[in-house]
Trainee: 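A single structure is presented below for examination.
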Amino acid sequence: MVRRFFSALLLAALCLAMLFLPQLLRGQLLFPGADSYLFYAHSASSQALVFSASAEEAALVRASLADRRGESAHYADARDAFAQAEQYGAQLLFVERAGGVVNYYYRAPALGGEVWLEGKAVNLQVAVRGEGAAIGYPLIFGGY
């Protein structure tokens, strides 16, 4: 009787692990090492629901979003954001300046997905203000 109970308990624990393991694995951040993060759900446009997270809670927040469509990360040093773009083999498509922010738009084939801007398929943006920067996939929503 006790053996059956522990077998059933072990089976239940295994089933739960199989159910939640994919969620935990999805928690890997696109842009590790940032100071803070924003995650976008339900839309890959400015209509997305935006969820913010500190560096410590980012992986858990990311994993909890079933309909995640993008994310952005904020770095105190702009060089760190550009290093992330390089990690993905991003190719610069165009640059725009507006309101004290310089925006760099890229295509990174390793990331997939895209939005169309200026007639180009963009899937990575770096926005630089002063010494800091944000990087976003497919774009940065909510302003920087």
Side-chain angles (χ1 to χ4, degrees), residues 5-144:
F5 173 75
F6 282 113
S7 294
L9 188 62
L10 181 62
L11 183 60
L14 182 61
C15 289
L16 281 173
M18 290 178 69
L19 179 65
F20 289 108
L21 187 61
Q23 289 290 349
L24 294 174
L25 293 176
R26 289 181 44 207
Q28 187 174 5
L29 301 168
L30 288 178
F31 313 114
D35 300 320
S36 63
Y37 294 85
L38 294 176
F39 300 99
Y40 316 119
H42 307 300
S43 175
S45 73
S46 60
Q47 274 71 51
L49 295 177
V50 179
F51 299 86
S52 63
S54 67
E56 296 77 22
E57 63 189 8
L60 186 60
V61 171
R62 185 180 198 277
S64 72
L65 299 173
D67 193 22
R68 189 184 64 260
R69 299 295 176 96
E71 69 186 73
S72 65
H74 297 256
Y75 293 90
D77 188 337
R79 291 176 293 193
D80 293 331
F82 286 112
Q84 294 295 322
E86 286 179 27
Q87 293 265 0
Y88 287 106
Q91 301 165 338
L92 182 63
L93 300 174
F94 62 96
V95 178
E96 75 175 4
R97 292 165 176 38
V101 177
V102 181
N103 291 292
Y104 298 83
Y105 296 96
Y106 295 88
R107 174 79 178 129
L111 290 174
E114 62 196 24
V115 294
W116 288 89
L117 291 175
E118 306 279 330
K120 299 184 188 302
V122 173
N123 68 352
L124 190 66
Q125 176 187 2
V126 175
V128 178
R129 180 186 304 239
E131 300 294 316
I135 184 169
Y137 166 81
L139 295 174
I140 300 166
F141 300 119
Y144 174 71

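Residue numbers count from 1 along this sequence. The figures here come from the full heavy-atom set of this structure, side chains too, leaving out hydrogens, waters and symmetry mates. For clarity, every value in this text was computed on a predicted model and none was experimentally measured.
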Trainee: Would you indicate whether the side-chain heavy atoms of L65 and Y40 approach each other to under 4.5 Å?
Mentor: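 With C-beta onward as the side chain, the pair stays apart.
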Trainee: Which heavy atom of V101 sits nearest to which heavy atom of R129, and what is that distance?
Mentor: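 The answer is CG2-NH2, 2.9 Å.
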Trainee: Does anything in residues 79-104 pair up under salt bridge (Lys or Arg N to Asp or Glu O under 4.0 Å), and if so which pairs, sequence neighbours excluded?
Mentor: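 Sorted result for residues 79-104: D77-R79.
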Trainee: Under the ring-ring contact (aromatic ring centres under 6.0 Å, His included) test, which residues partner Y106, sequence neighbours left out?
Mentor: none
Trainee: Can a donor-acceptor pair be found between the side chains of H42 and D67 at a distance below 3.5 Å?
Mentor: yes
Trainee: Of the non-hydrogen atoms in A81 and A133, which two are nearest, and what is the gap between them?
Mentor: CB-CB, 3.8 Å
Trainee: Say you draw a straight line from CZ of F39 to CZ of F51; how long is it, rounded to the nearest 0.5 Å?
Mentor: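 One finds 11.0 Å between CZ of F39 and CZ of F51.
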Trainee: Which donor-acceptor pairs under 3.5 Å do the side chains of residues 113-128 make with protein atoms, sequence neighbours left out?
Mentor:
residue : atom : partner : partner atom : Å
N123    : OD1  : A108    : N            : 2.7
N123    : ND2  : A108    : O            : 2.9
N123    : ND2  : G112    : O            : 3.0
N123    : ND2  : G113    : O            : 3.4
Q125    : OE1  : I140    : N            : 2.9
Q125    : NE2  : N103    : OD1          : 2.8

Trainee: With sequence neighbours left out, write down each residue that passes ring-ring contact (aromatic ring centres under 6.0 Å, His included) with Y104, or none if nothing qualifies.
Mentor: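 For Y104 the ring-ring contact (aromatic ring centres under 6.0 Å, His included) partners, ignoring immediate neighbours, are F82.
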Trainee: How close do V61 and A53 get, heavy atom to heavy atom, and via which atoms?
Mentor: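 Smallest heavy-atom distance, with atoms named: CG2-CB, 3.9 Å.
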Trainee: Can you list everything that forms a side-chain hydrogen bond (donor to acceptor under 3.5 Å, both in side chains) with S52? Sequence neighbours excluded, please.
Mentor: none
Trainee: Which residues pass the side chain to side chain contact (heavy atoms under 4.5 Å, CB included) test with A73, not counting sequence neighbours?
Mentor: F31, A34, Y37, Y75, I135
Trainee: Should Q84 and L30 count as side-chain neighbours, where that means a heavy-atom distance under 4.5 Å?
Mentor: no
